Amino acid sequence: MTKLVEFAMVREAAGRILGKVARTPLLRMSQLDKFFRGAEVYVKPESFQPIGSFKLRGATNKILDLTAGGGKLNGVITVSSGNHAQGVAYAAANAGLKATVVMPEIASPLKADKTRALGAEVVIYGQNNNESDVKALEIMEQEGLSFVHAYNDPLIIAGQGTAGMEIMEDEPDMDAVVCPVGGGGLISGVALAVKSMSPRALMYGVEPATVPRFAESRKAGELLTLYPDKLTIADGTRTMTAKELNYNMIAAYVDQLVDVDDDLIREALALATFEARLLVEPSSAMTFAAALSGKVPVGPGMKICFLLSGGNISFDALKELIG
């Protein structure tokens, strides 16, 4: 069995990234209580990060660790459909490193443009991240680059876990935290931090109904790769393969996995935009969708935090999704 990431690594990551990553606020959203059966609603808006998503946490932790020894690096490379790409580009630029990002053809043009604007070289290749991985490994070998995985890395998981640590530091009596699930790096770290600091707090993970790779892997008792008939609008959660480290972290620290369909994500996106008055992308809105659906139970007296993973969405895309 793959060794689990320990909470001490999250604490180390918090010290390492201090001053280089925003400590996003824990916002009390009383205007949302009525939509969630009177629960006391909080949000953790990772859209407030300089790159608009939580990915900066893990990427910064990993890259600072790579450069800690003082040795010379030729640069870093990653595969990402968008937000992790920007995190790596931003963190690499701050460290004075070259960054190369391989993106699948389905990646958001907005996220590709933002990644280039941060100084990274963007290579568009493959129909999905699995195909992009092959190209990235080829470039890595040719140019002697260091790979920064989006989610299957203890340092990435520890960096993402700092968001969960901040939630519990700001509100130690939180009853539940709801987190979107893509590759699993965010929820692995956040759940580790939340459960380490408050074992009684409930941890919920939300997957898209089109590709619930961790829930299906849990049912099957083995790691699965899913091939969906259609792509979810939550583009940050389109990862098809459940990796062992993330699977084991979720099994150890997440109380329940639920899934939501695109229609509900659209409804939740409208709620976030017009009621919370926050700019979030569909992957973030999945957390609201899970509670709106009743799959995450809510009620009076319950303190619940919805982790909003990012806000990188164009005006045109938002208009198309919520009219």
Side-chain angles (χ1 to χ4, degrees), residues 2 51 53 55 58-59 62 74-89 92 98-116 118 120-153 156-157 160 180-188 207-217 220 222-247 259 262 281-283 286 309-310 312-314 317:
T2 302
I51 63 159
S53 92
K55 291 288 190 177
K62 175 68 175 181
N74 291 333
V76 294
I77 187 167
T78 193
V79 171
S80 170
S81 60
N83 284 338
H84 177 66
Q86 292 172 71
V88 169
K98 170 192 173 184
T100 301
V101 179
V102 182
M103 289 186 165
E105 294 170 11
I106 59 172
S108 160
L110 172 70
K111 292 179 180 179
D113 288 343
K114 285 188 173 183
T115 303
R116 292 187 185 96
L118 290 168
E121 178 186 352
V122 175
V123 177
I124 305 296
Y125 184 89
Q127 297 297 313
N128 53 57
N129 281 11
N130 287 4
E131 294 181 7
S132 299
D133 278 339
V134 176
K135 184 66 173 178
L137 292 174
E138 177 185 316
I139 297 171
M140 181 184 74
E141 292 294 334
Q142 290 173 348
E143 301 185 16
L145 305 178
S146 297
F147 199 88
V148 180
H149 200 281
Y151 49 88
N152 188 36
D153 184 308
I156 293 291
I157 289 171
Q160 319 305 27
V181 181
L186 177 62
I187 195 168
S188 293
E207 297 185 286
T210 56
V211 58
R213 82 299 285 165
F214 287 103
E216 290 301 312
S217 294
E222 62 179 330
L223 301 176
L224 299 178
T225 297
L226 304 184
Y227 299 92
D229 295 331
K230 64 176 182 177
L231 295 175
T232 174
I233 61 172
D235 61 293
T237 65
R238 288 174 179 166
T239 307
M240 301 186 303
T241 302
K243 298 291 189 180
E244 185 177 9
L245 176 57
N246 307 107
Y247 175 85
D259 63 73
D262 281 1
E281 55 194 83
S283 301
M286 286 171 52
S309 53
N312 290 316
I313 185 170
S314 69

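All of these numbers come straight from a predicted model, not from anything done at the bench.
Counting heavy atoms from C-beta on, the side chains of Ser53 and Asn312 come closer than 4.5 Å. The side-chain heavy atoms of Ser80 and Val88, taken from C-beta on, include no pair separated by under 4.5 Å. Contact check for Arg238 versus Thr232: side-chain heavy atoms found under the 4.5 Å cut-off. Ile156 places a side-chain heavy atom less than 4.5 Å from the side chain of Val148. Between Ile157 and Asn246, the closest side-chain pair of non-hydrogen atoms falls below 4.5 Å. Residues Pro208 and Met286 are in side-chain contact: their nearest non-hydrogen atoms beyond the backbone lie under 4.5 Å apart.
With sequence neighbours excluded, the residues forming a side-chain contact (heavy atoms from CB on, under 4.5 Å) with Ser108 are Leu110, Lys111, Asp235, listed by chain and number. With sequence neighbours excluded, the residues satisfying side-chain contact (heavy atoms from CB on, under 4.5 Å) with Ser146 are Leu66, Leu73, Val76. With sequence neighbours left out, Ala150 forms a side-chain contact (heavy atoms from CB on, under 4.5 Å) with Lys55, His84. With sequence neighbours left out, the ring pair (Phe, Tyr, Trp, His ring centres under 6.0 Å) criterion links Phe214 to no other residue. For the side-chain contact (heavy atoms from CB on, under 4.5 Å) test, residues two or more places apart in sequence or in another chain that qualify with Gln142 are Glu138.
To the nearest 0.5 Å, atoms CE (Met103) and CD1 (Ile124) are separated by 6.0 Å. Interatomic distance, CE of Met140 versus CG of Leu145, reported as 8.5 Å (0.5 Å rounding). Interatomic distance, OG of Ser188 versus CG of Asn152, reported as 9.0 Å (0.5 Å rounding). Note that OG1 of Thr115 and CD of Glu121 are 12.5 Å apart. Values are rounded to the nearest 0.5 Å.
Summarising the geometry of Ser283 relative to Ala234, their closest heavy-atom pair is OG-C, 3.6 Å, with the distance given to 0.1 Å. Taking all atoms of both residues into account, the shortest heavy-atom contact from Ile233 to Asp262 is N-OD2, 3.1 Å. Summarising the geometry of Ala92 relative to Ala99, their closest heavy-atom pair is CB-CB, 3.8 Å, with the distance given to 0.1 Å.
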**Message:** Working note: Glu244 + Leu223, criterion side chain to side chain contact (heavy atoms under 4.5 Å, CB included); need CA distance, chi angles, decisive distance, verdict.
**Reply:** CA-CA 7 Å; Glu244 185 177 9; Leu223 301 176; 3.6 Å; yes
**Message:** Set out, in order, the CA-CA distance, both residues' side-chain angles and the distance that settles side chain to side chain contact (heavy atoms under 4.5 Å, CB included) for Gln86 and Asn83, then state yes or no.
**Reply:** CA-CA 5 Å; Gln86 292 172 71; Asn83 284 338; 3.7 Å; yes
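Side chain of Arg213 to main chain of Thr239: a donor-acceptor pair is present (N/O by atom type, distance under 3.5 Å, no hydrogens or angles). Not a single donor-acceptor pair under 3.5 Å links the side chain of Thr100 to the backbone N or O of Ile77. Remark: the backbone N or O of Pro212 is not paired with any side-chain donor or acceptor of Asp259 at under 3.5 angstrom. Using a distance-only test at 3.5 Å, with no hydrogens or angles considered, a donor-acceptor pair links the side chain of Gln160 to the main chain of Gly58.
Using cut-offs of 30° and 60° for the angle between ring planes, the Phe147 and His149 rings count as tilted.
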Taking distance alone, no hydrogens or angles, what donor-acceptor pairs closer than 3.5 Å link side-chain atoms of residues 224-231 to residues at least two apart or in another chain?
| unit_1 | atom_1 | unit_2 | atom_2 | d |
| --- | --- | --- | --- | --- |
| Thr225 | OG1 | Thr241 | OG1 | 2.9 |

